[in-house]
Amino acid sequence: VSVSRAGGVPGNYSGSFSLFVAEGNKAADPFDWRVVRVDAQYFDVFKIPFIEGRNFIKGSETDRQTGAIINEAALRAMGLKSVVGKKLLFPDGDGFLEIVGVTQDFNYGSVAQAIEPVVHVYRGEEAYTNYPYICIQLKPGTGPDSYRYVANEIGAAWKKLSPDRAFAY
């Protein structure tokens, strides 16, 4: 149905952490939030709904440079009702991310873990090295035999494209 690339997938959100200060609140202690790279199709593939704002725009240079999508947990941590257009500043004063959307909370780790704030950033469509995961949405109703067939086909394509790297799914 659709394909996405990402730096983390639900159940395995490695990502990195970064310090942020909410615009207008520079005196507060910085937030130490997980940051994960995703492409413009990510939220569609995983059917993660937005509660405010929008998704990344495929190919948008502005989104690639400064766009950010946060989850509800981050919205709550900021203590604001609406954040689209607000900036997350880096404490060293060198740069910012502008929030373009807020998603519903979803389990990006184990369902036993509390959902923590997360910031999603877009790094373009051509930068394949920014995205170690390929996410594939299959047609609804795809059975176990079809799943194995699709996995084998993807594995064969992977071997042609990247013969020195193991295919894991």
Side-chain angles (χ1 to χ4, degrees), residues 1-23 25 30-60 62-90 96-125 127-144 146-147 150-151 154 167-169:
V1 175
S2 57
V3 176
S4 173
R5 292 168 296 165
V9 293
N12 190 10
Y13 247 47
S14 51
S16 59
F17 285 82
S18 187
L19 295 174
F20 298 102
V21 177
E23 180 180 36
N25 200 5
F31 299 116
D32 188 10
W33 287 346
R34 182 183 306 270
V35 178
V36 178
R37 299 172 315 272
V38 300
D39 69 7
Q41 295 75 237
Y42 183 82
F43 299 104
D44 293 334
V45 166
F46 286 103
K47 298 189 181 315
I48 299 168
F50 282 77
I51 62 166
E52 182 183 1
R54 64 171 174 82
N55 196 357
F56 295 122
I57 299 169
K58 185 176 182 177
S60 168
T62 301
D63 281 357
R64 190 187 71 73
Q65 290 180 6
T66 60
I69 294 173
I70 64 172
N71 65 352
E72 287 177 289
L75 175 67
R76 286 189 300 275
M78 292 175 73
L80 300 171
K81 297 255 187 249
S82 178
V83 293
V84 168
K86 302 276 188 214
K87 292 180 175 63
L88 294 172
L89 309 170
F90 296 108
F96 67 91
L97 295 176
E98 183 172 333
I99 300 169
V100 300
V102 180
T103 67
Q104 280 186 355
D105 280 341
F106 62 97
N107 291 97
Y108 56 79
S110 162
V111 294
Q113 293 174 298
I115 298 172
E116 299 289 332
V118 66
V119 178
H120 297 90
V121 294
Y122 173 69
R123 291 298 174 249
E125 300 297 320
Y128 294 101
T129 57
N130 285 328
Y131 305 111
Y133 292 96
I134 298 171
C135 314
I136 300 171
Q137 180 188 18
L138 301 177
K139 287 182 187 175
T142 303
S146 297
Y147 175 79
V150 170
I154 294 168
F167 173 66
Y169 64 96

Between the side chain of R123 and the main-chain N/O of R64, is any donor-acceptor distance below 3.5 Å?
yes
Do you know which two heavy atoms are closest between I115 and A73, and how far apart they sit?
O-CB, 3.7 Å
Show your reasoning for whether side chain to side chain contact (heavy atoms under 4.5 Å, CB included) applies to V150 and K139.
CA-CA 11 Å; V150 170; K139 287 182 187 175; over 6 Å; no
Would you say the rings of F90 and F20 are close, in the sense that their centroids are separated by under 6.0 Å?
yes
Donor-acceptor contacts under 3.5 Å from residues 76-89 side chains, at least two apart:
| unit_1 | atom_1 | unit_2 | atom_2 | d |
| --- | --- | --- | --- | --- |
| R76 | NH1 | D105 | OD2 | 3.3 |
| R76 | NH2 | D105 | OD2 | 2.7 |
| S82 | OG | E52 | OE2 | 2.5 |

Considering only heavy atoms from C-beta outward, does the side chain of F31 approach that of P117 to under 4.5 Å?
no
Are F50 and F43, when compared by the centres of their aromatic rings, separated by less than 6.0 Å?
yes
Report the distance from atom NZ of K47 to atom CD of Q137, rounding to the nearest 0.5 Å.
4.0 Å
Given R37 and R5, is the side chain to side chain contact (heavy atoms under 4.5 Å, CB included) satisfied, shown in steps?
CA-CA 9 Å; R37 299 172 315 272; R5 292 168 296 165; over 6 Å; no
Would you sort out whether F56 and D39 count as a side chain to side chain contact (heavy atoms under 4.5 Å, CB included), showing the intermediate values?
CA-CA 8 Å; F56 295 122; D39 69 7; over 6 Å; no
Test item: side-chain donor near acceptor, N12 and Y133, under 3.5 Å:
yes
How far apart are the closest heavy atoms of S60 and D63, and which atoms are they?
OG-N, 3.0 Å
Taking all non-hydrogen atoms of both residues, which atom of L97 and which atom of G67 are closest, and how far apart?
CD2-O, 4.2 Å
Identify the heavy atoms of V45 and S2 that sit nearest to each other, and give their distance.
CG2-OG, 3.3 Å
Distance from S18 atom OG to D32 atom CG, nearest 0.5 Å?
8.0 Å
So which heavy atom on V119 is nearest to which on W33, and how close?
CG2-CE3, 3.6 Å
Consider only side-chain N and O atoms of E98 and T66, and report whether a donor and an acceptor are under 3.5 Å apart.
no
Taking N55 for its side chain and A40 for its backbone only, find out whether a donor-acceptor pair lies under 3.5 Å.
yes
To the nearest 0.5 Å, what is the distance between OH (Y42) and CD1 (I69)?
11.0 Å
Heavy-atom nearest pair, Y122 first then G59, reads OH-N, 2.7 Å
Yes or no on side chain to side chain contact (heavy atoms under 4.5 Å, CB included) for E116 and Y108, after CA distance, side-chain angles and deciding distance?
CA-CA 9 Å; E116 299 289 332; Y108 56 79; 3.1 Å; yes
